[in-house]
2 protein chains.
Amino acid sequence: MTTEQRPLRADAQRNLERITASAQVLFAERGTRAQMEDIAAHAGVGIGTLYRRFPTKEALITALVRQRFQEFAAIAAECEHITDPYEALATSMRRQAESIEGDAAFQLAMMNIDNFSWDGIDEDKSALNAILSRIIERAQAAGAVRADLGVEDYGMMMCGTTATMYFMHGEHGWQRHLDLVLAGLKPS
Amino acid sequence: MTTEQRPLRADAQRNLERITASAQVLFAERGTRAQMEDIAAHAGVGIGTLYRRFPTKEALITALVRQRFQEFAAIAAECEHITDPYEALATSMRRQAESIEGDAAFQLAMMNIDNFSWDGIDEDKSALNAILSRIIERAQAAGAVRADLGVEDYGMMMCGTTATMYFMHGEHGWQRHLDLVLAGLKPS
DNA sequence: GTGGAAGAGGAACTACGGTTCCGTATACTG
DNA sequence: CAGTATACGGAACCGTAGTTCCTCTTCCAC
């Protein structure tokens, strides 16, 4: 537990927020190719400052990706309250996809393009999967989806949908992909 | 029509073949990250020689990607002879996917990860799409797939499947993705 | 054979972008 | 209002990998 470091100095805290915000914007826009210097500049900060908080580019991206996974969990948690068991599942997928629509870097992350190690991501993933499992099981119990559906399938389909999202950035073609995939979930 | 250059000198021809073969192997194995020097070395050739044939890395990759698309067309053409209209479609997808299973670079290309310009690829794509359109229409006429299916859907689904293939390189998870997607094609 | 166009090889060049380092500035504690 | 730990900035460093260039070699047409 080295987590309990004394709070950041006020200016440092402010800069940290600006950095993550700028990083989010630029990575979303340009994917992993966004450059550290540009991010620092966008945040109105020197590179040294950036590197003080994130020892490496990979660390910075990992932080953002983890945020996204936590967001996914939050969305899933909300959808769990939807009464119709099928809609709970479908809506979860759709809303998660929508939430990353403009984020090129996260899309690449979903496909693990840069094969980073994503330190600590497993933690977030299992928290998310716990919720998703419940949603899936409920849909199965109601006979709304095929009996052999698993959480891994969920991730896989999101991966596929994300790929089309990246492939056709501007257009909304990914929604079509999601529709087809959702149709494939109906019990055979 | 600048296509009609005199034939290559015997040694040059031999080297060209070795180069494309080696490039195929290394790009398949390492994706776009494979290095020009390594490819030259693998082919038993100097870098200068490599650059004499392919003025740029992108050009080399494009040549290989075009080959793959031509292969796709060949597979589709074979599948057109399958009697069952649905099987023709499904088999085409499955066999194409199988054919690129070990080829990381092409998988990245399918998702347009490196946003190259892929000079001349449109030509190959439309040749392929012509065949696929016929296959799809036949399946629709037989009532085997949804009426609103289009060629773009085919490409999109292949893109999604390819993403899972890249994502889970070793394992065969992509087959599951393809199954789900194929199930989604059934008429509603 | 032989002349010369085409080809081979690979050291060196270059651009790019992540990361380091250190002198200077600033916030907090007592 | 010091004194110091923390933070800031950004020039410089460095590794990587694509590409160029120039000398030497080889094929082939006559």
Side-chain angles (χ1 to χ4, degrees), chain A residues 2 4-23 26-27 29-64 104-105 108-109 113-119, chain B residues 2-23 26-27 29-64 104-105 108 113-119:
Chain A
T2 40
E4 39 172 333
Q5 298 144 53
R6 73 198 61 185
L8 289 174
R9 229 170 69 176
D11 54 346
Q13 179 62 37
R14 198 166 41 245
N15 283 333
L16 175 57
E17 277 154 23
R18 295 168 125 220
I19 288 170
T20 41
S22 295
L26 292 192
F27 280 130
E29 192 174 291
R30 307 180 194 171
T32 324
R33 280 186 295 271
Q35 292 166 224
M36 295 299 265
E37 295 221 357
D38 290 352
I39 291 169
H42 187 280
V45 153
I47 336 168
T49 305
L50 200 175
Y51 272 92
R52 166 168 304 272
R53 294 299 149 230
F54 300 94
T56 169
K57 185 176 185 179
E58 187 170 337
L60 175 54
I61 298 179
T62 300
L64 297 177
L108 293 168
I113 294 299
D114 307 275
N115 56 332
F116 287 159
S117 48
W118 307 118
D119 238 16
Chain B
T2 39
T3 320
E4 37 171 334
Q5 298 144 54
R6 72 198 62 185
L8 288 174
R9 230 169 70 176
D11 54 346
Q13 179 62 36
R14 196 165 45 246
N15 282 334
L16 175 57
E17 278 153 22
R18 295 168 124 218
I19 288 170
T20 42
S22 295
L26 291 192
F27 279 130
E29 192 174 290
R30 307 178 195 174
T32 325
R33 280 187 295 271
Q35 292 166 222
M36 295 299 266
E37 294 221 359
D38 289 353
I39 291 168
H42 187 279
V45 154
I47 337 169
T49 305
L50 199 175
Y51 273 92
R52 166 169 304 273
R53 294 298 150 229
F54 300 94
T56 170
K57 185 177 184 178
E58 187 170 337
L60 175 55
I61 297 179
T62 300
L64 297 177
L108 293 169
I113 295 298
D114 306 276
N115 57 333
F116 287 159
S117 48
W118 307 118
D119 238 16

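Chain identifiers are assigned alphabetically (A, B, ...) following the order of the sequence lines, protein sequences preceding nucleic acid strands; residue numbering begins at 1 within each chain.
- B:Arg33 comes within 4.0 angstrom of nothing in the nucleic acid, heavy atoms only.
- The side-chain hydrogen bond (donor to acceptor under 3.5 Å, both in side chains) with B:Asp11 is formed by just one residue from the set B:Arg9, B:Gln13, B:Arg14; it is B:Arg9.
- Which of C:dG7, D:dG9, C:dA27 sits closest to the side chain of A:Ala10 comes down to C:dA27.
- Of the side-chain N and O atoms in A:Thr56, one or more sit less than 4.0 angstrom from OP1 or OP2 of C:dT19.
- Look at CG on A:Asp114: it is 14 Å from P on C:dG17, rounded to the nearest Å.
- Between C:dG17, D:dA17, D:dC8, one nucleotide has an atom nearer to the side chain of A:Thr49 than all others, and that is D:dC8.
- Atom CZ of A:Arg52 is separated from atom CG of A:Leu16 by 12.5 Å, given to the nearest 0.5 angstrom.
- If you measure from atom CZ of B:Arg30 to atom C1' of D:dA17, you get 14 Å, rounded to the nearest angstrom.
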Please tabulate the protein-to-nucleotide N/O contacts below 3.5 Å involving nucleotides 23-26 of chain D, giving atom names and distances.
unit_1 : atom_1 : unit_2 : atom_2 : d
D:dT26 : O2     : B:Arg9 : NH1    : 3.0
D:dT26 : O2     : B:Arg9 : NH2    : 3.2

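- As rounded to whole Å, 18 Å separates atom P of D:dC22 from atom OH of B:Tyr51.
- Remark: A:Asn15 is not in phosphate contact with D:dA7, judged by side-chain N or O atoms under 4.0 Å from OP1 or OP2.
- Among the protein residues, A:Arg14 comes within range of no part of the nucleic acid, since none of its heavy atoms lies under 4.0 Å from any strand.
- Checking B:Thr32 against A:Ile47, the closest nucleotide of DNA chain D that is more toward the 5' end is the one next to A:Ile47.
- Listed here is the closest heavy atom pair of A:Thr56 and A:Tyr51: CA-CE2, 4.2 Å.
- Side-chain atoms of A:Asp114 and A:Thr32 form a donor-acceptor pair, as typed in the model, at a separation below 3.5 Å.
- D:dT20 atom C1' lies 13 Å from atom CE of B:Met36, rounded to whole Å.
- Rounding to whole angstrom units, CG of residue A:Leu50 and P of C:dC21 are separated by 17 Å.
- Taking atom CG on A:Leu8 and atom C1' on C:dT26, their separation rounds to 15 Å, with Å as the unit.
- Distance check: A:Phe27 CZ to A:Ile39 CD1 gives 3.5 Å after rounding to the nearest 0.5 Å.
- If you take CG on B:Leu50 and NE2 on B:His42, they are separated by 12.5 Å, rounding to the nearest 0.5 Å.
- Computed from coordinates, the B:Lys57 NZ to D:dG18 P distance equals 4 Å when rounded to whole Å.
- Residue B:Arg53 holds its CZ atom at 11.5 Å from OG1 of B:Thr20, rounded to the nearest 0.5 Å.
- Nearest-nucleotide positions on DNA chain D place A:Gly48 closer to the 5' end than the other of A:Gly48 and B:Glu37.
- Between A:Arg52 and A:Ala34, the residue anchored closer to the 5' end of DNA chain C is A:Ala34, taking for each the nucleotide with the nearest heavy atom.
- In this structure, A:Asp38 atom CG and C:dG18 atom P are separated by 9 Å, rounded to whole Å.
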